[in-house]
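A short write-up of the structure that comes next.
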Number of protein chains: 2
Amino acid sequence: MSRQRTAVRQELAKESAFRSAQEIYARLRSAGNRVGLTTVYRALQALADGGEVDVLRSDDGEAAYRLCSQSHHHHLVCRDCGRTVEVEGRAVERWADQVAGRHGFTGVEHTVEVFGTCADCSA
Amino acid sequence: MSRQRTAVRQELAKESAFRSAQEIYARLRSAGNRVGLTTVYRALQALADGGEVDVLRSDDGEAAYRLCSQSHHHHLVCRDCGRTVEVEGRAVERWADQVAGRHGFTGVEHTVEVFGTCADCSA
DNA sequence: AGTGGAAATGAAAACGGTTGTCACTTTCTC
DNA sequence: GAGAAAGTGACAACCGTTTTCATTTCCACT
Ligand SMILES: [Mn+2]
Ligand SMILES: [Mn+2]
Ligand SMILES: [Zn+2]
Ligand SMILES: [Zn+2]
């Protein structure tokens, strides 16, 4: 594990939100860390391959990375300010498994994101 | 509705699978249809904004488009062959509304995608 | 310690899907 | 029909990501 990869992992550990490679690169640099953008991409790729981080495609095509949390959960995101709440619920999990099983699908995974306007922003 | 947009919609109607803008452009051209790639993108964008087509980000970052039925629904997608089943379920809808309301969020929307290996592909 | 091969690094260039530009054409409205 | 509004498309720009390749770092084994 090189200095740079360790730095990327540590940076990821600071926040539980999904963040882009470029954002992580910028933070590392502004913290005085000497690292190249290419290396950040490679580190994230390697961590994703090893199952240590989740990768998500945002709507604008940018990839977002997050350290894998042990418990499975979803996100409630404010459209205006971006505030994110981590949520979980048996109901969705069961529904996803059932609907997939009903159609003969195996190895089921799912993505669920809920969007809205948070209390602060609607005030 | 221009000739080109009509052509894009008709092309989408030919198949129920998700297809990329470039693929639709290529099909239209090889069928002798005079249309520009930019226009195909704009037509798909307009159809998506109007809720007539679903947009999906594939893992490689390319956007995929498909005509969709007008009622709210979600997708069950085969990881291997891309086969897609439209599914719906009260359970998810209720869960999304509840979890958002519990955190004071309003104007709730959500995205739900279920992935797995379809029966054909696991055989 | 010393050595050699494998792996990692990073600046720069290339890549590829998508979007912006702008002169031009088509369509709509009166 | 005339003028306004919307749409078109070749081309260039954009931007996140990947490839390249010369250089550096790491590491297993003396
Ligand atoms: Mn879940
Ligand atoms: Mn659909
Ligand atoms: Zn907010
Ligand atoms: Zn399949």
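A quick note: this is a predicted structure, and the numbers were derived from the prediction, not measured. Any value given below was found using the heavy atoms of this structure, including those in side chains, with hydrogens, waters and symmetry copies removed. Numbered from 1 within each chain, the chains take letters A, B, ... in sequence-line order.
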Could [X] and [Y] be called an ion pair, given the rule that one side-chain N must be under 4.0 Å from one carboxylate O?
X        : Y        : answer
Glu52(A) : Arg9(A)  : yes
Arg57(B) : Glu62(A) : no
Arg19(A) : Glu11(A) : yes

**Prompt:** Residues two or more places apart in sequence or in another chain: which of them pass ring-ring contact (aromatic ring centres under 6.0 Å, His included) with Phe18(A)?
**Reply:**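 Listed in chain order: His75(A).
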**Item:** Nucleic acid contacts of residues 4-15 of chain A, taken as heavy-atom distances under 4.0 Å to DNA chain C
**Value:**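 Residues of residues 4-15 of chain A that come under 4.0 Å of DNA chain C are, in numerical order, Gln4(A), Arg5(A).
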**Asked** Looking at Val87(B), Val112(B), Asp54(B), which hits side-chain contact (heavy atoms from CB on, under 4.5 Å) with His73(B)?
**Response**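 When Val87(B), Val112(B), Asp54(B) are each tested with His73(B), the side-chain contact (heavy atoms from CB on, under 4.5 Å) holds only for Asp54(B).
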**Prompt:** So, His74(A) and Glu93(A): side-chain donor and acceptor under 3.5 Å apart, yes or no?
**Reply:**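 On atom types as modelled, these side chains qualify, holding a pair under 3.5 Å.
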**Item:** Residues forming a side chain to side chain donor-acceptor pair (under 3.5 Å) with Gln22(A), sequence neighbours excluded
**Value:**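 Partners of Gln22(A) under the side chain to side chain donor-acceptor pair (under 3.5 Å) test: Tyr41(A).
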**Request:** Check every nucleotide of DNA chain D for an atom under 4.0 Å from a heavy-atom of chain B, then give the first and the last such nucleotide from 5' to 3'.
**Result:**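 So the contact region on DNA chain D extends dG7(D) to dC11(D).
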**Prompt:** Does the Arg66(B) side chain pair with the main chain of Val55(B), one donor and one acceptor, at a distance under 3.5 Å?
**Reply:**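 Such a contact is absent between Arg66(B) side chain and Val55(B) backbone.
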**Message:** I'd like to know if the side chain of Arg3(B) and the backbone of Arg34(B) have a donor-acceptor N/O pair within less than 3.5 Å.
**Reply:**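 Yes; judged by distance alone, with no hydrogens or angles, the pair exists.
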**Request:** Taking all heavy atoms of Phe105(A) and all of Cys118(B), pick out the closest pair and write down the distance.
**Result:**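 Distance-wise, the nearest heavy atoms are CZ-CB, 3.6 Å.
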**Message:** Minimum heavy-atom separation for Ser122(A) and Thr117(A), please, with both atom names.
**Reply:**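 Reported closest heavy-atom pair: N-CG2, 3.8 Å.
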**Item:** Gln4(B) side chain near Val40(B) side chain, heavy-atom distance below 4.5 Å
**Value:**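 When only atoms from C-beta onward are counted, Val40(B) and Gln4(B) do not touch, as no gap falls below 4.5 Å.
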**Asked** If we fit an axis to the first five pairs and another to the last five of the helix from dA1(C)-dT30(D) to dC30(C)-dG1(D), what angle do they make, to the nearest 10°?
**Response**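 End axes: 40° apart.
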**Nucleic acid footprint by protein, nucleotides 17-30 of chain C - heavy-atom cut-off 4.0 Å, B for base, S for sugar-phosphate alone** = SBBBB---------
